[in-house]
Every structure is written in structure tokens, then in C-alpha cells.
Number of protein chains: 2
Amino acid sequence: MPRIGRRERILEKSSQLFSKQGYHATTIRDISEACGMLSGSLYAHIQSKEDLLFEITDRGAELFLQSLRPIVDSRADPVDKLRRAMIAHIRVITDNLEAATVFFHEWKSLASERRRIIQQKRDRYERMWARLLSEGVESGAFRIVDEKFARLLILSAANGLYQWYRRSGDLTPEQVADRFTEILLSGLSDGKEEKR
Amino acid sequence: MPRIGRRERILEKSSQLFSKQGYHATTIRDISEACGMLSGSLYAHIQSKEDLLFEITDRGAELFLQSLRPIVDSRADPVDKLRRAMIAHIRVITDNLEAATVFFHEWKSLASERRRIIQQKRDRYERMWARLLSEGVESGAFRIVDEKFARLLILSAANGLYQWYRRSGDLTPEQVADRFTEILLSGLSDGKEEKR
DNA sequence: AGATTAAAAACAAGCGCTTGCTTGGTTTTA
DNA sequence: TAAAACCAAGCAAGCGCTTGTTTTTAATCT
């Protein structure tokens, strides 16, 4: 008769602490205190501290993958796909700010085996974006010289969101995604110059 | 009669280790071993482990500030300024990849006082970029709806570089900066649509 | 409803180890 | 020959985690 939510609570508190102080700077005693128990009591619910990190990052990876999948598989036009993919990506971050922070910032603290699992999911996610951009280039919707470079730039900009979303005032995820795609699609220049 | 380079060597090895494993995951014994000495011997050259982190991040902050200063103060046109600022920013990262990684990834591990110092320098740097963009908007060179948002996007994308520059093959910093500004200024879309 | 009972949850104590750092003495360097 | 660099040894504190025991919980049986 497991009391419900116990483990979830631990994961949530861990996300908060890991995202704020980092994985290595957070102790088992920090986590247990945040959960209102002693350090030993934690181990009725988890096997190791690293389990917590893995579960948080793995859930994060799955959120990204599952939110992008239906968009990539759909048959919308590339520009619309990009817009929707951006919204999805940003939603995952803003709706799970602490878990996303841990996912981006602390996944390298995982040991070899589990780190590889996360690495693979990151690669899969990046490949989905690559496909999305390729379609746009092939269809003539995007004018991209260096696809790999463009992809890395886009994802860097989007991933950086977890570091400043709090500061962006009361923008909704949709508003953020709109401004995002607007800049990425149209650029910053005034448009007087001809496109090359 | 201090043997030259001893302290610099320690800083360099620390940068390598901090950037690879993170500050908290790196021990004094790791550093001393990399320097070919025992852990106690380190303390003839440093006062504390955190000194190392601070000196690395503070030097990084100064590199960014000093490389951007003359560009912001110059009287070039905004588009050219942006281009040159981007090159400078990217040069700092690519020429000091390990220190830059520590600067971006580990500065929050500093304790309150020193963390504030770095925070202030980061703010100053961001304000310089803000001014650069504002000038461009005032002069009509940039068409930016939300300046703060654009600034955060640009810096996020540029700062992300430390995570993937190794993967970008043999692009020179200038080539990276060119592709960067090209996308940011002109956008990804094919240009058939009118600019709003 | 109240008593029973076994699983689940939490505690109290502490183990083995690693951490950042210190100290006192020895070697190296110029 | 004296300052600088390094070693050898180890301290106090904190780490992740384990163990044996007690308390709490909620389903079961009168």
C-alpha cells in the first residue's frame, strides 16, 4: 500500500534543487530535508542519487521527443511546421522549467551507461529537427546555406530559453514562439537590402 | 624567485577539468595530479579551490568586455557593428574554449560575493549589446519589435557555441560569425513573402 | 464500529570513504 | 644559502548510503 505521490514529490524537489544548485552541489540531505524527512528515509523510495538525475533528464528527453514527433510526421508546409515545432519546444521548456534546466545543464553528470541513453535521445531529437529543416530547403521554403549550422543556431537559441524565461515578464509560450520564429524567419535587418 | 608559469599551468589544467567534468565534480587531487604534484603542494600557489573558479570566470568576463568595448564605442554603421561584435564574441569563445565553457557553465557555483561580481560583469556585457541593438533600431537599420527578446535570442544562440564548436568541423571563427550574422540579419525564409 | 495486522514509511545511528585544506619537514632552484 | 616548491601525513567535516528499529497507514476480520 504505497502512499501515492511520495516518489513524485521527491522527483519534484530534486528538480528544484538540481536546477538551482546543480547536481553535485545538492546533497541527499538537502533533498530529504526538502521532502520533510531524514536522509536515510529517502532510500525507501529511490535506489541512488543518480537515479533521480536520470529519471528527471530521461523524462525531459521524452517530453521533447513526444512533442515534436507528431509535428515532424504531419504534412503541413515547412514554415508552418517550423512554427509549430518551435511552439512545442518552447512549451516543453516553459511548462517544465526546472526539469528542463536539469536536462540541459546536468545531464553530463550521469555516468557512462545512462549518459549514453540520454545522448542518444538528444541525437534523435536533433535529427528530427534536421529533417524538418531539410524538407524546408528542398521545397524551397527555406534559404539555408549551411543546414547543420542553422540547426545548431536555432536549437542553441531555443535551448537558451531556460536561462532567461523567468526574466521575460509575462510572455506566454505562444508569444515567445511567435517572436522567435519571426526573427528566425525574417531576420533583423530592415529588408531594404536584397536577399542574396 | 617564483618559477614562472606555475600558477598559469594550474589555471589551465583547472579550466580543462572544470570544463570537462564541472567544478564540483573536479577535486583538488584531480587538479594536482594533472599538474604533476600532490594535492597539498597546490596550496603553495593558490588559496582555495574557489579562487581558481573565480579567476577563470573573471578572466573570461574581462575578455568578453574588453573585446566588445571598442566596437560599441566606434562609429561604424549598426549592421557592421553587429557583424564585428559577433566576430569578437565568437573569437573569445573559440580562442578560449575551455575557459569560456567554465564561464558559461560553472559561474553559478561561486559563492555570493564573487558570484555578484561576475553577475555584474555579465550585466554590463549584456547592456553593451542592448545599446548596440538600440542604435540599430533608432537608425532604422534593424526592424526589431521586441528588443530585449531579440537580444536574449542573439546572445543565447551565440553563447551556445561553446557546446558545439568542436562539432562544427574546421570552420574558422570568422566563417562562423559570417554564417551567424547572415542568418540573424536575413532570416531563414526564402524572401518571397513581404517583410512586415 | 472497533480491534487486528502486516506492509510501508520514517527514524536514529553510524559506516566507510572522500572532500578541501593544513602542517612540518625535505628537496630543488638560482 | 635562502627562498620557493614540493612531499608525507593527516585532520575535521561532509558525502552517499546501510542497518536495525519504531511509527504510521489502511485494508481486514470480528
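Convention: sequence-line order gives letters A, B, ...; per-chain numbering from 1. Since we're looking at a predicted model, the values are computed, not measured.
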Could you tell me how far apart [X] ([atom1]) and [N] ([atom2]) are, to the nearest whole angstrom?
{"X": "A:R7", "N": "C:dA9", "atom1": "CZ", "atom2": "P", "result": "12 Å"}
{"X": "A:L38", "N": "D:dT21", "atom1": "CG", "atom2": "C1'", "result": "14 Å"}
{"X": "A:E33", "N": "C:dA12", "atom1": "CD", "atom2": "P", "result": "14 Å"}
{"X": "B:M37", "N": "D:dA9", "atom1": "CE", "atom2": "C1'", "result": "18 Å"}
{"X": "A:L42", "N": "D:dT19", "atom1": "CG", "atom2": "P", "result": "17 Å"}

- Only counting residues at least two apart or in another chain, list the ones meeting salt bridge (Lys or Arg N to Asp or Glu O under 4.0 Å) with A:E113. A:R116

- Query: Taking DNA chain D as the partner, which of residues 11-22 of chain A come within under 4.0 angstrom of it by heavy atom?
  - Reply: none

- Message: Does the structure place the NZ or CZ of B:R59 under 6.0 Å from the centre of the six-membered ring of B:F103, at an angle of no more than 45° from the ring's axis?
- Response: no

- Task: Tell me whether the guanidinium CZ or amine NZ of A:K49 lies under 6.0 angstrom from the six-membered ring centre of A:Y23 and within 45° of its axis.
- Result: yes

- Query: Any donor-acceptor pair under 3.5 Å linking the side chain of A:K81 with the backbone of A:V72?
  - Reply: yes

- Note on the structure: B/S/- along nucleotides 13-18 of chain D (protein heavy atoms under 4.0 Å) is --BBBB

- Query: Judged by modelled atom types alone, do B:E106 and B:T57 share a side-chain donor-acceptor pair under 3.5 Å?
  - Reply: no

